[in-house]
J.: 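Following this message is one structure expressed as structure tokens.
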Amino acid sequence: MKRIGVLTSGGDSPGMNAAIRAVVRKAIYHDIEVYGIYYGYAGLIAGDIKKMELGSVGDIIHRGGTMLYTARCEEFKTLEGQKKGIEQLNKFGIEGLVVIGGDGSYRGAQKLTEHGFPTIGVPGTIDNDIPGTDFTIGFDTALNTVIDAIDKIRDTATSHERTYIIEVMGRHAGDLALWSGLADGAETILIPEAEYDFEQITYRLKRGQERGKKHSIIIVAEGAGSGMEFGQKLKEATNMETRVTVLGHIQRGGSPTGADRVLASRLGAKAVDLLLEGKSGVTVGIQQNKLVHHDINEALAETHTVDLDMYTLSQELSI
Ligand code: F6P
């Protein structure tokens, strides 16, 4: 293999730049040319492809977002779109591809593999919802962004003795809510993976107030429902002074944490190693701090799960 491509696709996540850098540098280290494909699969179809050099990825390891830009591309879900993409790859003489992104990006990589094009998936999403890896690139940074926001909200919540409902991202997964809730001592965490008992929540809030708690924090994963609606329901049921904050896209930005930079560097480089070993249709990941790879079909067939022991712990610690 003498020439590979790299693209980022779907929602961006902090650390994607560090992963691009690792792909480019590791490939050049092995005397392989690298082409950057801009705007994900949309750019692949359009042929928005440029050669990258060592310097192309200088000064990006600490930057959020993705220097290759990204897009969600409906056309690539069609056979027609996939064929156009492969035509472009052939036109540029690209022999293997690294796709950095989440679930949707992996589905595109799966299709390319089915068409016989060597493709490796690297998990990049703040949602931490990709099977076959304990952590995805961007999750740790987003987690710390959420924690920082909640710490700030906590100050004003205490001053006013209010109950705050904070809605966090995560798509269908509760990881961001669960981890931030545990890290911030939230009274209640609502995640899509666990049923909640509304009566029990209000009982616990009232009991907390009675023992002199100055504020309460409730984290709602977007996949568990609307924070606004939950806040309204709680206000009506308890008459407590409530406020709702939807953190939104702030969770996707910012300089990646050390953990994300290291993870991205390891996974990006591993993807290149796998292409050089002749692998295709695999995803890289980290499990128990070891780099691993799995068949992309198997990874996509699995359902992501959260650690329910952590959920139980969060409830035990917030009595
Ligand atoms: O997958 C990342 C993510 O930020 C999810 O947490 C969220 O549901 C979604 O993307 C938001 O997508 P968009 O940027 O298209 O609004």
Side-chain angles (χ1 to χ4, degrees), residues 7-20 38-43 63-77 99-110 121-150 165-181 183 189-193 219-230 244-257 260 263-264 267 283 285 296 299-300 302-306:
L7 63 80
T8 50
S9 154
D12 62 337
S13 69
M16 278 185 165
N17 278 329
I20 297 166
Y38 290 77
Y39 300 99
Y41 294 115
R63 295 190 197 282
T66 159
M67 65 159 296
L68 290 176
Y69 304 97
T70 185
R72 301 193 196 274
C73 177
E74 286 303 311
E75 193 183 353
F76 203 72
K77 292 181 183 158
V99 170
I100 306 165
D103 179 71
S105 314
Y106 272 26
R107 293 198 187 277
Q110 184 183 37
V122 175
T125 165
I126 64 164
D127 301 334
N128 209 40
D129 61 347
I130 305 291
T133 187
D134 293 343
F135 296 105
T136 57
I137 297 165
F139 174 67
D140 186 65
T141 308
L143 171 63
N144 281 285
T145 302
V146 173
I147 290 171
D148 183 54
I150 297 173
I165 292 96
I166 300 163
E167 184 187 303
V168 304
M169 279 186 169
R171 219 165 50 121
H172 306 300
D175 292 57
L176 205 46
L178 178 55
W179 282 65
S180 59
I189 307 169
L190 305 189
I191 57 171
E193 296 86 351
I219 315 249
V220 180
E222 64 173 341
S226 152
M228 286 290 178
E229 280 171 22
F230 185 82
V244 180
T245 301
V246 179
L247 290 183
H249 289 79
I250 194 171
Q251 295 162 94
R252 287 231 298 258
S255 177
T257 58
D260 269 331
L263 178 65
L267 294 182
T283 67
I296 197 162
L300 283 170
E302 263 180 55
T303 310
H304 168 74
T305 50
V306 290

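Because only heavy atoms are used, hydrogens play no part in the values below, and waters and symmetry mates are left out as well, while side chains stay in. We count ligands from 1, going down the list as the structure has it; atoms in each ligand are counted the same way.
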J.: Please tabulate protein-ligand N/O pairs under 3.5 Å for ligand 1, atom names and distances to 0.1 Å.
T.:
residue  : atom   : partner : partner atom : Å
ligand 1 : 1 (O)  : D127    : OD2          : 2.6
ligand 1 : 4 (O)  : R252    : NH1          : 2.8
ligand 1 : 6 (O)  : D127    : OD1          : 2.7
ligand 1 : 6 (O)  : G170    : N            : 3.1
ligand 1 : 6 (O)  : E222    : OE2          : 3.3
ligand 1 : 8 (O)  : E222    : OE1          : 3.4
ligand 1 : 8 (O)  : E222    : OE2          : 2.5
ligand 1 : 10 (O) : R72     : NH2          : 3.3
ligand 1 : 10 (O) : R252    : NH1          : 3.1
ligand 1 : 12 (O) : R72     : NH2          : 3.0
ligand 1 : 14 (O) : H249    : NE2          : 3.1
ligand 1 : 14 (O) : R252    : NH1          : 2.9
ligand 1 : 14 (O) : R252    : NH2          : 2.9
ligand 1 : 15 (O) : R72     : NE           : 3.3
ligand 1 : 15 (O) : R72     : NH2          : 3.3
ligand 1 : 16 (O) : H249    : NE2          : 3.0

J.: Where does the angle between the aromatic ring planes of F76 and Y41 fall among parallel (under 30°), tilted (30 to 60°) and perpendicular (over 60°)?
T.: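 It falls in the parallel class, under 30°.
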J.: Side chains of S180 and I219, heavy atoms from C-beta outward: is any pair under 4.5 Å?
T.: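 Side chain of S180 against side chain of I219, heavy atoms only: contact under 4.5 Å found.
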J.: Under a 3.5 Å threshold, yes or no: a donor from one side chain and an acceptor from the other, between H304 and D175?
T.: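 The answer is yes; a qualifying pair exists.
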J.: According to the interplanar angle, ranging from 0 to 90°, do the rings of W179 and F135 count as parallel (below 30°), tilted (30 to 60°) or perpendicular (above 60°)?
T.: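 Perpendicular, since the angle between the ring planes exceeds 60°.
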J.: With rounding to the nearest 0.5 Å, note down the distance linking OG1 in T125 to CZ in R252.
T.: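 Reported value, rounded in 0.5 Å steps: 8.0 Å.
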J.: If only side-chain N and O atoms count, and only distance matters, is there a donor-acceptor pair under 3.5 Å linking N144 with T257?
T.: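 Their side chains do not contain a donor-acceptor pair, so the 3.5 Å distance test is not met.
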